[in-house]
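We count residues from 1, following the sequence as given.
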Amino acid sequence: AQAIREEHRQTLDWLNQHTDTNTEFFAVVIEVLQIDESRLAYNFKLVAFPNEWRKTNIGTGGGASSSERSEAYRRFFQELIDDLREKHRFTGARIGQAQSWYSFASGYSGVTYGVSFARGGRARAELFIATGEAGENKRLFDALAKDKEAVEVEFGEPLEWERLDDRSASRIAVYRTGSIGDDAQTLQEIKGWAIDRILKFKRVFSSRLAQLLG
């Protein structure tokens, strides 16, 4: 199966969070399955869909560990977006999703702020650039990177400048150790860390994005 690219899935999830209830976006990966010499079978795997549709249409099947992990993600991001909305007026989002990341609108098409659990047991906060045009993504990334020293001074710590030359999108990120399987106290620490960093991303980059895209 050909996996959907991360930036495309993020875009579809963002659209599902911000469009009216009569408009829904889905992404489907077609998997071709074969056991020994059996005939080919096709499996349609949903990888992006409206959150409310998921609640009402996906059954309770699947392993308990997968279900518990999904619920842990949903609970973590629900608390995170509630704090960002109620305490910091950062977002109008209200529904946490059962996935390992969450993206927030920056006010500019194709540019989002995000929090995620990345590979390698790391939590990540980021500015993600995925306008749909690779050249525009790299141009915007390079323009921001020219101000790298000043950005990191304002941010208060070094950032990872991930141009991602083998991909269309680019990101600027900061990491810490952490996974959704950590104990409750550590998850609270990760949530506090993520909120602090995502607010810093907005504070440091909003004026720069306005100059470049406004």
Side-chain angles (χ1 to χ4, degrees), residues 1-20 23-30 45-51 54 73 76-77 80-81 84 90-93 95-120 122-148 151-152 155 158-175 194-195 197-214:
Q2 179 65 46
I4 186 172
R5 297 174 66 165
E6 181 180 356
E7 60 266 29
H8 295 160
R9 185 170 60 181
Q10 289 209 14
T11 298
L12 290 173
D13 282 337
W14 186 92
L15 289 169
N16 277 322
Q17 294 165 23
H18 293 83
T19 52
D20 61 77
T23 305
E24 298 179 333
F25 296 86
F26 296 81
V28 179
V29 170
I30 303 175
K45 180 181 179 182
L46 278 171
V47 293
F49 39 80
N51 190 62
R54 180 186 191 281
Y73 281 131
F76 176 89
F77 284 107
L80 182 138
I81 65 175
L84 283 171
F90 179 84
T91 181
I95 300 175
Q97 297 184 351
Q99 59 193 25
S100 62
W101 52 270
Y102 204 97
S103 295
F104 301 92
S106 69
Y108 299 95
S109 179
V111 180
T112 57
Y113 301 112
V115 175
S116 63
F117 289 94
R119 294 179 180 178
R122 298 191 299 169
R124 176 172 64 207
E126 67 182 354
L127 173 73
F128 195 72
I129 306 170
T131 67
E133 295 290 336
E136 175 62 14
N137 296 338
K138 304 314 178 190
R139 183 197 70 80
L140 180 55
F141 176 89
D142 291 342
L144 293 171
K146 286 180 180 179
D147 208 18
K148 177 178 181 292
V151 164
E152 293 185 346
F155 198 89
L159 300 173
E160 298 293 330
W161 297 78
E162 302 176 13
R163 197 172 191 270
L164 305 178
D165 290 333
D166 59 337
R167 297 173 53 187
S168 172
S170 294
R171 71 160 57 92
I172 304 166
V174 62
Y175 296 83
I195 289 173
R197 269 59 179 186
I198 209 74
L199 293 173
K200 285 183 179 179
F201 270 108
K202 183 176 182 179
R203 175 172 55 81
V204 171
F205 284 104
S206 59
S207 61
R208 290 177 168 87
L209 291 173
Q211 291 176 0
L212 294 168
L213 300 173

message: One pair to check against side chain to side chain contact (heavy atoms under 4.5 Å, CB included): Glu136 and Leu213. What are the steps and the verdict?
response: CA-CA 11 Å; Glu136 175 62 14; Leu213 300 173; 3.9 Å; yes

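- Nearest heavy-atom pair across Ala169 and Phe128 is CB-CZ, 3.6 Å.
- Here the OH-OG distance, from Tyr73 to Ser116, works out to 9.5 Å after rounding to the nearest 0.5 Å.
- Nearest heavy atom pair, residue Pro158 against residue Val174, reads O-CG2, 4.2 Å.
- Scored by the side chain to side chain donor-acceptor pair (under 3.5 Å) test, Lys138 finds Ser170 as partners (sequence neighbours excluded).
- Residues passing the side chain to side chain donor-acceptor pair (under 3.5 Å) test with Arg163, sequence neighbours excluded: Asp142, Asp165.
- You'll find the side chain of Phe141 stays beyond 4.5 Å of the side chain of Leu164, heavy atoms only.
- In terms of heavy atoms, Thr91 sits closest to Ile81 at CG2-O, 4.0 Å.
- Within the model, atoms CD1 of Ile172 and CD of Glu126 stand 10.0 Å from one another, a figure rounded to the nearest 0.5 Å.
- Applying the side chain to side chain donor-acceptor pair (under 3.5 Å) criterion to Glu162, with sequence neighbours excluded, gives Arg171, Tyr175.
- With sequence neighbours excluded, no residue satisfies ring pair (Phe, Tyr, Trp, His ring centres under 6.0 Å) with Tyr108.
- Between Ile198 and Leu80, every side-chain heavy-atom pair lies at or beyond the 4.5 Å cut-off.
- Evaluated for a side chain to side chain contact (heavy atoms under 4.5 Å, CB included) with Leu144, the options Val204, Leu212, Val151 yield exactly one hit, Leu212.
- Here Leu199 pairs with Leu84, His88, Phe90, Ile195 under the side chain to side chain contact (heavy atoms under 4.5 Å, CB included) rule; sequence neighbours left out.
- The two residues Tyr102 and Gly96 come nearest to each other via the heavy atoms CE1-CA, 4.3 Å.
- Contact annotation: the side chain of Leu127 approaches that of Tyr113 to within less than 4.5 Å [non-hydrogen atoms, C-beta and beyond].
- Between Trp161 and Glu152, the shortest heavy-atom contact is NE1-OE2, 2.9 Å.
- A distance of 8.5 Å separates CZ in Arg124 from OG in Ser100, rounded to the nearest 0.5 Å.
- Contact check for Phe205 versus Val111: no side-chain heavy atoms found under the 4.5 Å cut-off.
- Rounded to the nearest 0.5 Å, atoms OG1 (Thr131) and CG (Leu140) are 8.0 Å apart.
- In terms of modelled atom types and a separation under 3.5 Å, the side chain of Gln99 and the main chain of Trp101 share a donor-acceptor contact.
- Taking the six-membered ring for Trp, Phe76 and Phe117 have ring centres closer than 6.0 Å.
- Screening residues 203-214 for salt bridge (charged side-chain N to carboxylate O under 4.0 Å, His left out), with sequence neighbours left out, gives Asp147-Arg208, Glu154-Arg208.
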